[in-house]
Structure formats: structure tokens, C-alpha cells
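For reference, the structure is listed below as C-alpha cells.
Heavy-atom basis, side chains included; hydrogens, waters and symmetry copies ignored. Residue numbers start from 1 in every chain, and the chains themselves are labelled A, B, ... in the order their sequence lines are given, proteins ahead of strands.
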Amino acid sequence: MAVHWQNMSHINRNEGQKFYVTTPIFYPNAKLHMGHAYSATISDIFARYSRLLGKDTYFLTGSDENTEKAVRAAAGAGQQVFPYLDGIIGGFKNLYKRLDISYDQFIRTTDKDNHWPGVEAFWKRMVDSGDIEKRSYEGLYCVGHESFITEKDLVDGKCPDHRETPQRIKEENYFFILSRYADKIRDIIASDAIRIVPTSRKNEILALLKDGLEDVSFSRPADKMTLGIPVPGDNTQKIYVWGDALTNYLTALGFGRKDHALYDRFWPADLHVIGKDILRFHAAIWPGMLLSAGLPLPKNILVHGLITSGGLKMSKTLGNVIDPVRLIDEYGADAVRYFVARHISPFEDGDMTMDSFKEAYNAGLANGIGNLVSRILKLTSDHRVSSDLPSKEDVFADETVQSYAQSFDEFDIQKACNHIWTRIASMDREIQETQPFKLVKSADAASAARGKAILSKLYRELWIVAVLLEPIIPATAATIQGLIRSNKMPSAPLFARK
RNA sequence: CGCGGGGUAGGGUAACGGUAACCCGUCAGGCUCAUAACCUGAAAAUUGCCGGUUCGAUUCCGGCCCCCGCAACCA
């Protein structure tokens, strides 16, 4: 049976639109955990959805490597810093590969060719705006934190995390006069010029901004930072994390470099995906920096929650840590993607245990889409029934698909998934109620024809589901599409029951 | 009086001014195309507590209790 592709000449409603999505850049000293997999998967789903709509899409991820912690960790492991970092980054990239994360670029802040020129250029713009000032700073310095901590943080005069008495030291730093921009930033967020999703996070940051913003230390003495980028024109200082890390979203596109075609094409970011733990940096410091540098502001910030396990933060001591790679080994990438997409709210903390994961896997994947594919394709292939398959454009033109698209516009991946699984459930019901498996075998020609008509419709509807699944579980979506085109039932279950 | 989120059937979640929906589990039927899957039905929630607004609140307002996260350079 030939598949009739609709010609693609009619106007795609998203033609000419671009979409630039980013993940946070991750700390290389952290062991891989579900949080990394989660952020990356959410971002990837948006990137794939955007491509599915035909938008010009760019998806950035990376790592924040200029930290003393990495230096110490390397030393502890008896390794040189850069090979050590390469090893960690290899782990991230492996996780991404295993998860089918379709990133276009992985930017590393230790990358002198691609990252550093942009950071320097950005710094100079802030200096030109008169927003960078040298000040002496005195405070309590905790070696464990490698940063200043406040009196309030102390417990019995010691840092509660490291149980060390902090040193009172004084040092020269360059400061970013962020306070100047507090009002503007507040207006920008209040007016949704930068839309912060969900609204609860927007309100949270607005409440914070009501009292203004304090200036931020933007550099450290060079002798305290092994890695990192020297302040332009003053190599006794190095640029601290804000100027170095947040700028990755720009530098990766070629900002400050000769080849800035990507920057011209994609900036400003359409979506920064972040965790709630770094909201302040992205919703206060980052817009301030961009205002100072005179650059366009990102359009949306999606603030997701954290994944807990059994209601508690995952931690080694509790033994409730779920290793994403092990999970992928056992269940496959799409199972992990399915779980975080459908069973973790993109807006709030979500819970995940091995039991809840397995339950979701069996219900949604094995008994749900996997079983449905088998039962429909068994019938359509045995009875040689098929149908014309709609193009992707036509799928999205279908009225019943609008709630799916709208959910994505609201960044509500969970709702988009529910749309798909509602379709799956109603197809299961339809088969049961109309009993095409019986009709097709009927001696009565009219009944047999009716059975075939039902199968043809199911065949087509399954295709729509397979298209809608693309952003969520891309490998399975492709497999199903292939099976539909060749009208064959899977030789082995798509998702074996566990 | 720091800020935010949450407390809904045995477990997990949803909804939202008009007598609570879904998933898992339990029980009883059905179907046989399918991965012992799938479909139908049943039992099961005074929607944390107290008060208020309202014809009517799980949904709005006030107070209280409990849980979680954040608390400004710990990414």
C-alpha cells in the first residue's frame, strides 16, 4: 500500500519563525542525576515540537566549568583538571545521547575559542554603560563554599554546611550596579516582556523585586580562581560566575566573535528552561546584564520544579537517588522521557520512585500505546486495510489537535501528553464497542466492509497519534510511523510489560 | 508577623462557584483484535481544621495546624 504524502506546497503556518531554546548549563562536579535528565528532556521536547511545526530551531546546552570545586575534585581524583572535566562532560554527553536529546550545541565555559570572546565582549559593553565599578568588599568567607556567606547563615559562628569558621576577609571586586535596573526589570516581568511561567514564579520574583536589587559582585581575585576568564584590562581579577555562565546563551551563538551568524539568526532566546533553584539569577541578574549591555531580552523562562523521590529530595544518604542511566538501561530512553513528560508537572515539584515509574510504564506504554499499536496493526495488516496518511501540516490543521498545540503554547507538556493518551483510550474503547475484529470476518459483505472502514479510520488515527508523539518519545514515534507505513504489526512488543 | 508551593477516595494526581475527575490497586461482569492486554460496572473522599461571603464553596475571603522549597552572590 502506497502512502500518499500530501504535497508540502501549501503554507506552513510557522514558516520563517525561529525558536531558540536553552537548558541551564550544568555543574561538572555534580554526579549525573534525574534533575539533569529532566531539564534536558523538557528542553528537548520543546525543541522537537518546534521542529515538528517547521520552525527554524536551535537547541543549546552546556556546562559551567570555571569553578574551584572542579579543580579540587580533580586534585582529589589525582587527575589534571582538563582531562578530569572532559571525563565529566563525557558523562553528560553520554546521558544526552542515551536520552535522545537533540541538542545543536554543547557549550563549555572553558572553551576559549567559542565562549571567552563573547564573555569579554559582553563585559566591555557593561563597562561602557558605566555599570561596572571596582569596590572593596569585606565579609565572611567560607572556604568550603568558596564564597562569602552572611552572618545570618552561621550556626554557632560556623558555616552550617561545612562546619568551618569563616574567615573575615577584605577583597577588591568589580561590582555590577544591578540596583539601577531593578525598576526596569520589574516592569519587564510584570508586563510579560519576559514571560515567566508559571505565574506563581512570576509573582515570586515580582515580590522580590519590590524591594529593589542589590549590586552584585562580578569578579574574584585571580589568585582565588584557577580557571576562569580574566577581566579585560585587569588580569588580577577574573570574571565571576554571572558574567561567565549566564552569557553562555549568547556566546554559543557567536556573540562577540567574527562568526555571529547564529547570533543574528536566533537571539533573543525564545525559551530558557531552568529549575526553580536558579530563578533569581535568570529573572533578575540576567535581564539586568542584558539591559546594561543593550541586548534584546529572552522571551520566556520556564521554571520547572525539582524531582523528589518518596516526597523527599533525592540524596545519597537517604538512598533514594534514581540514576537516569540505569533507568534507561532497564526501560529505554522513551520510558524515561514519557515519565517526566506525563507524570511530572513542568511547573511544580514532582515525585518519582521506582514503583511509580514502573506503574506508569506499564499503564501508559505497555498497556497503552504499545498494546494499541499491536492490536490495530495486527488487524489492518491481516486484512490489508490502510488509509491515506495526513501530512504533518494536516495533522496540526485538525481541529481535535488544537488542544494539544495550545498546551504546548502554554508550555504544559503534561497536558499535551494527556491529550495524546486520551486519544489512545478512546481508540481502545472504539475497538471494543464497534468490534471491527468480528465484522471483518463476517460472511455478510456489508458487515465486512463496515469492519474494514472502521479499521481504516483507526489506522489513520493511529498515525495522528504517532505524529503527536514525536516530541515526547521520538524513537517510538518513528518506529510506529514505520510500522504504519509498511502496515506491519510489531514483531515484538514495543514496550514489554515489566 | 520573611517569601512561595502544597494538604482531595488505600496509594498517586486532576478540576474548580453549582453536590468531585483520572491512574494504580480491590471486587463483579464482558470481549478475544492485542503485550494475562482491552472494555463495562461497583465499592471507596463529610476535598487539613475553624469561621465568613453566597441561593450554593473543594473552588472566593479571614484565621489556625501540618508538610516541602527558597530566604539574594551555597549554580
Side-chain angles (χ1 to χ4, degrees), chain A residues 24-30 63-64 67 69 137 139 142 144-150 152-153 159-162 173 175-176 178 198 200-201 203-205 207-218 220 240-242 245-246 274-282 284-285 305-306 308 311-313 342-345 347-353 355-356 358-360 362-368 370-380 382-383 414-415 418 421-422 425 427-433 435-441 451 455 458 489-490 492-498:
Chain A
I25 54 174
F26 299 115
Y27 238 40
N29 64 328
S63 55
D64 175 16
T67 155
K69 280 180 191 160
Y137 182 83
C142 169
H145 279 106
E146 59 181 80
S147 75
F148 290 97
I149 59 179
T150 62
K152 279 191 299 185
D153 294 327
C159 164
D161 294 336
H162 297 92
N173 283 181
F175 272 72
F176 170 39
L178 177 61
S200 52
R201 295 293 167 205
N203 293 339
E204 186 178 337
I205 206 76
L208 183 87
L209 286 163
K210 219 165 34 188
D211 302 325
L213 290 167
E214 285 180 14
D215 298 335
V216 185
S217 165
F218 252 51
R220 287 286 182 277
Y240 191 56
V241 60
W242 320 117
L246 290 165
I274 64 170
K276 66 178 186 180
D277 50 332
I278 52 177
L279 171 63
R280 283 147 198 263
F281 315 126
H282 284 78
I285 299 179
L306 303 178
T308 55
L312 301 164
K313 232 173 163 172
R342 178 128 191 260
H343 293 281
I344 306 279
S345 163
F347 308 133
E348 284 167 37
D349 290 354
D351 200 69
M352 169 177 197
T353 61
D355 285 346
S356 68
K358 186 176 160 184
E359 179 186 308
N362 281 330
L365 297 177
N367 303 345
N371 182 56
L372 181 70
V373 167
S374 291
R375 66 193 303 210
I376 291 179
L377 289 180
K378 166 70 174 166
L379 288 164
T380 57
D382 279 1
H383 300 285
Q414 197 172 28
K415 222 171 170 184
N418 286 337
W421 265 267
T422 299
M427 288 166 81
D428 268 326
R429 202 176 314 119
E430 193 180 344
I431 296 173
Q432 181 60 38
E433 285 170 359
Q435 306 198 311
F437 45 86
K438 215 178 253 177
L439 291 173
V440 166
K441 286 189 272 188
L455 290 184
L458 288 166
M489 82 174 283
L494 253 27
F495 297 98
R497 258 191 86 85
K498 302 263 185 185

Output a table of nitrogen or oxygen pairs between the protein and nucleotides 26-32 of chain B separated by less than 3.5 Å.
residue, atom, partner, partner atom, Å
B:G30, N2, A:Gln432, OE1, 3.4
B:U32, OP1, A:Lys438, NZ, 3.1

What one should report as the nearest heavy-atom pair of A:Leu458 and A:Met427 is O-CE, 3.6 Å

Rounded to whole Å, CG of A:Asn362 lies from P of B:U35 at a distance of 15 Å

Side-chain touch A:His383/A:Thr380, heavy atoms, less than 4.5 angstrom | no

Tightest non-hydrogen contact, residues A:Val373 and A:Pro490, listed as CG1-CG, 3.9 Å

Mind checking the C1' distance from B:C74 to B:G17? Whole angstroms is fine. 45 Å

### Task
Rounded to whole angstrom, note down the C1' distance from B:C50 over to B:C66.
15 Å

Taken to the nearest whole Å, CZ/A:Arg280 to C1'/B:C70 is 6 Å

Of all heavy-atom pairs linking A:Leu178 and A:Val216, the shortest is CD2-CG2, 3.6 Å

**Q.** Close side-chain approach of A:Gln414 to A:Ile344, heavy-atom, < 4.5 Å
**A.** no

Encoded 5' to 3' (Watson-Crick or G-U under 3.5 Å; [ ] crossing; | other strand), RNA chain B becomes .((((((..((((.......)))).(((((.......))))).....(((((.......))))))))))).....

_Could you tell me how far B:G2 sits from B:G25 if I compare only their P atoms? Round to whole Å._
45 Å

A:Phe281 atom CZ is separated from B:C70 atom C1', nearest whole Å, by 11 Å

- A:Asn173 side chain to A:Arg220 backbone, donor-acceptor under 3.5 Å: no

| field | Span that lies between the P atom of B:G10 and that of B:C3, in whole angstrom | value | 34 Å

Here the pair of heavy atoms bringing A:Ile285 nearest to A:Phe176 is O-CE2, 4.3 Å

dist A:Leu365:CG -> A:Leu372:CG (nearest 0.5 Å) comes out at 12.5 Å

Testing B:U35, B:A75, B:C38 for proximity to the side chain of A:Arg375, the answer is B:C38

A:Pro24 and A:Ile278 have their tightest heavy-atom pair at CB-CD1, 3.8 Å

### Message
If we ignore hydrogens and angles and just use 3.5 Å, is the side chain of A:Asn362 paired with the main-chain N or O of A:Lys498 as donor and acceptor?
### Response
yes

Nearest-Å distance once atom P is located in both B:U58 and B:U53
15 Å

Atom CD1 of A:Ile344 and atom P of B:U13 are separated, to the nearest Å, by 9 Å

Closest to the side chain of A:Leu494, out of B:C38, B:U35, B:C73, is B:U35

Among the nucleotides B:A75, B:U35, B:C39, whichever has the atom closest to the side chain of A:Trp242 is B:A75

Nearest-Å distance once atom C1' is located in both B:A14 and B:A45: 14 Å

request  = Provide the distance between the two P atoms, one in B:G12 and one in B:U46, to the nearest whole Å.
outcome  = 16 Å

Heavy-atom closest pair (A:Ile431 atom, A:Pro436 atom, distance to 0.1 Å) is O-CD, 3.4 Å

Exercise. Does the side chain of A:Arg375 come within less than 4.5 Å of A:Asp428's, by heavy atoms?
Worked result: yes

Taken to the nearest 0.5 Å, the spacing of A:Ile376 CD1 from A:Leu455 CG works out to 8.5 Å

Task: Pairwise P distance, B:A44 and B:A9 [rounded to whole Å] - done: 14 Å

Whole-Å distance, A:Ile25 CD1 to B:A75 P, equals 12 Å

Remember a base hit wins even if backbone is also touched, and classify A:Arg497 as base, sugar-phosphate or nothing at under 4.0 Å, heavy atoms. base

To the nearest angstrom, the CG-P distance between A:Leu209 and B:G2 comes to 21 Å

When rounded to whole Å, the CG to C1' distance for the pair A:Asp428 and B:C38 reads 6 Å

The answer to which of A:Pro493 and A:Glu204 contacts RNA chain B further toward the 5' end, by nearest nucleotide, is A:Glu204

* Asked: What is the nucleic acid contact for A:Phe218, judged by heavy atoms within less than 4.0 Å: base, sugar-phosphate only, or nothing?
  -> nothing

The reported gap from NZ in A:Lys441 to CD in A:Gln435 (rounded to nearest 0.5 angstrom) is 10.5 Å

Open item on the list: Whether A:Arg429 contacts B:U40 is assessed here as follows: a side-chain N or O lying under 4.0 Å from the phosphate OP1 or OP2. Is that the case?
Closed with: yes

Restricting to nitrogen or oxygen on both sides, can you table the protein-nucleotides 6-12 of chain B pairs closer than 3.5 Å?
none

Practice problem: Using a heavy-atom cut-off of under 4.0 Å over every strand shown, decide if A:Asp64 touches base, sugar-phosphate, or nothing. | Solution: nothing

Review point. Does the side chain of A:Asn367 get closer than 4.0 angstrom to OP1 or OP2 of B:C38 through an N or O atom?
Key: yes

Of B:A75, B:U35, B:A71, the nucleotide closest to the side chain of A:Met489 is B:U35

Rounded to whole Å, CD of A:Gln414 lies from P of B:A14 at a distance of 7 Å

